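See below for the structure under consideration.
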Amino acid sequence: MFNRFKERLKGFKEAVSAKIQEKGEVQAEPPEAVAAGGEPERTAGVPEAAVARPVSQNNEAKTKQSFTSRAKSLIFEQEVVLDEKDLKAPLWDLEMALLESDVALPVAETIVGSVKDDLVGKKKKIRADTGEIVEDTLRKALHQVLSENLFDVDLFIRDADKPVKIVFVGVNGTGKTTSIAKVARYLKDRGYSVVLAAGDTFRAGAVEQIEVHANNLEMKLVKHKDGKDPAAVIFDAVEYARAHHKDVVLADTAGRLHTNVNLMDQMKKIVRVVKPDLLIFVDEAIAGNDAVERARLFNEAVPIDGTILTKTDADAKGGAAISISHVTGKPVLFLGVGQNYPDLVKFEPDWLLERLLGP
């Protein structure tokens with residue numbers, strides 16, 4: 001997971017670590033007053049006799065030992081300050097690394113700006129592993145972006161009036177229906193009763209697909225014949241849930257692009273009729289910037305409340321997971337990490353950070 005992203009960040013960490021080491025070594029150099037041959041440089045106007053001379057052959061060894069001790073002290077105990085010139089090239093490389101990992105441009109600029117603010121002009125105590133300084137700075141910058149718009153879906157469902165109405169939207173082939181089944185299993189494991197709504201009446205085989213999941217999970221599925229009004233299907237599912245005291249309705253819808261006027265009008269009708277508590281956009285993490293752009297366009301057409309990213313386990317770059325919340329202003333709710341029902345992870349910044357920066 002995110003192997004390419006981690007590889008690209010490695011170069012930045014090594015470059016800044018080398019610069020920190022270099023500055024520490026410069027501070028640890030012996031004073032210029034000591035001549036190259038080990039003889040103290042004579043100060044103008046001071047008689048030769050007054051200048052200290054080596055008194056034994058061990059003097060050179062003692063000088064080297066003193067320098068080594070001082071260098072160690074500086075490297076492990078002292079502080080360095082990096083200036084903008086020191087970091088100009090590494091920060092440029094970092095921005096390119098983020099963009100090549102499909103991180104959206106405004107998000108990449110935010111991360112680079114945060115890293116720059118944390119490193120430039122600030123005293124950094126040199127430790128045994130200078131890479132830790134860079135790692136901490138990157139972790140802080142990424143955590144800031146990933147923590148934007150955090151939303152606890154568990155608390156929301158617990159406190160909301162029942163039945164909680166959740167409608168899923170997205171383009172075809174991104175794992176929307178499978179994600180609905182995973183969320184259904186997630187909620188069932190937490191003690192909620194769930195009704196599924198076969199609101200994708202447009203695609204051939206869509207009703208059969210969600211029906212298989214409903215049977216596997218032993219859940220009620222409300223469906224109509226193909227081609228019927230999806231808003232009516234979902235409305236009936238909500239009424240069934242209300243009459244039978246069910247907790248949550250999860251509604252599938254036809255996959256669509258924002259450019260499909262008829263399907264987007266249909267989506268707007270569903271929102272008017274059903275008044276969902278959550279409208280969740282589903283897309284693939286491996287789609288990178290395409291997923292981020294689609295989420296942005298969907299959010300403009302029919303404001304979404306959050307995102308599920310599928311196939312995160314197959315994503316080498318990580319750009320969508322980092323960018324999508326920042327760009328849409330809406331939270332990431334879950335990450336799909338496999339094909340089985342339990343392979344759904346509630347979005348947590350620290351969980352994702354460990355996989356973005358871990359070994």
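Everything numeric in this text was worked out from a predicted model, so none of it was measured.
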task: Please assess Leu353 against Arg139 for the test side-chain contact (heavy atoms from CB on, under 4.5 Å), listing each intermediate value before the final yes or no.
output: CA-CA 7 Å; Leu353 273 175; Arg139 185 176 295 273; 4.0 Å; yes
task: May I have the step-by-step check of side-chain contact (heavy atoms from CB on, under 4.5 Å) for Phe298 and Thr328, ending in yes or no?
output: CA-CA 9 Å; Phe298 259 87; Thr328 62; over 6 Å; no
- prompt: How far apart are the C-alpha atoms of Phe347 and Thr312, what are their side-chain angles, what is the distance that settles it, and do they pass the side-chain contact (heavy atoms from CB on, under 4.5 Å) test?
  reply: CA-CA 11 Å; Phe347 181 83; Thr312 310; over 6 Å; no
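Side chain of Lys162 to backbone of Ile157: a donor-acceptor contact under 3.5 angstrom is found. Remark: side-chain polar atoms of Thr253 are paired, donor with acceptor, to backbone N or O of Phe168 under 3.5 angstrom. Side-chain atoms of Asn299 come within 3.5 Å of backbone atoms of Ile304 as a donor-acceptor pair (strictly under, hydrogens ignored). Within the 3.5 Å criterion, the main-chain N or O of Asp154 finds a donor-acceptor partner in the side chain of Asp152. Side-chain N or O atoms of Asn215 include none that pairs as donor or acceptor with a backbone N or O of Val212 at under 3.5 Å. Judged by distance alone, the side chain of Ser323 and the main-chain N or O of Ala104 form a donor-acceptor pair under 3.5 Å. When atom types are taken as modelled, the side chain of Lys330 and the backbone of Thr307 share no donor-acceptor pair closer than 3.5 angstrom.
Using a 4.0 Å cut-off between charged side-chain N and carboxylate O, Lys182 and Asp343 make no salt bridge. With respect to Asp283 and Arg294, a salt bridge is recorded, a charged nitrogen being found less than 4.0 Å from a carboxylate O. Between Arg296 and Glu293, at least one side-chain N (NZ, or NE/NH1/NH2) sits under 4.0 Å from a carboxylate O, which counts as a salt bridge.
No path of Ile, Leu, Val, Met, Phe, Trp and Tyr side chains, each step under 4.5 Å between heavy atoms, connects Val222 with Leu187, placing them in separate hydrophobic clusters. Both Val169 and Val271 belong to a common hydrophobic cluster when Ile, Leu, Val, Met, Phe, Trp and Tyr are linked at side-chain heavy-atom distances under 4.5 angstrom. Transitive grouping of hydrophobic side chains (ILVMFWY, heavy atoms separated by less than 4.5 Å) keeps Ile280 and Val171 in distinct clusters.
Residues Ala321 and Leu146 approach most closely at O-CD2, 3.6 Å, considering heavy atoms. Lys268 approaches Ala301 most closely through the heavy-atom pair CE-O, 3.6 Å. Looking at every heavy atom in both residues, Ala291 comes nearest to Ile324 through O-CD1, 4.0 Å. For the residue pair Val207 and Asp200, the shortest heavy atom distance occurs at CG2-O, 3.9 Å. Here the closest non-hydrogen pair linking Pro163 and Asp277 is O-OD2, 3.9 Å. Of all heavy-atom pairs between Thr310 and Ser179, the closest is CG2-OG, 3.2 Å.
For Arg190 and Tyr186, the positive end sits near the middle of the six-membered ring, less than 6.0 Å away and at most 45° from its axis.
With sequence neighbours excluded, no residue satisfies side chain to side chain donor-acceptor pair (under 3.5 Å) with Asn289.
Asp247 and Ser193 share a donor-acceptor pair across their side chains, judged by distance under 3.5 Å alone. Side-chain polar atoms of Asp189 and Tyr341 form no donor-acceptor pair below 3.5 angstrom. In the model, Asp229 has no side-chain atom that pairs as donor or acceptor with a side-chain atom of His224 under 3.5 Å.
Sequence neighbours left out, the pairs with a member in residues 164-181 that pass salt bridge (charged side-chain N to carboxylate O under 4.0 Å, His left out) are Lys176-Asp252.
Cluster partners of Ile286 are absent, since no Ile, Leu, Val, Met, Phe, Trp or Tyr has side-chain heavy atoms less than 4.5 Å from it.
Looking at heavy atoms from C-beta onward, Pro349 lies in side-chain contact with Leu150 at the 4.5 angstrom threshold. A 4.5 Å side-chain heavy-atom check between Leu105 and Leu98 finds every atom pair outside the cut-off.
For the salt bridge (Lys or Arg N to Asp or Glu O under 4.0 Å) test with Lys116, the passing option among Glu84, Glu95, Glu109 is Glu84; the others fail.
Annotation for Trp351: atom CH2 counts as buried by contact number, over 12 foreign heavy atoms lying within 6.0 Å.
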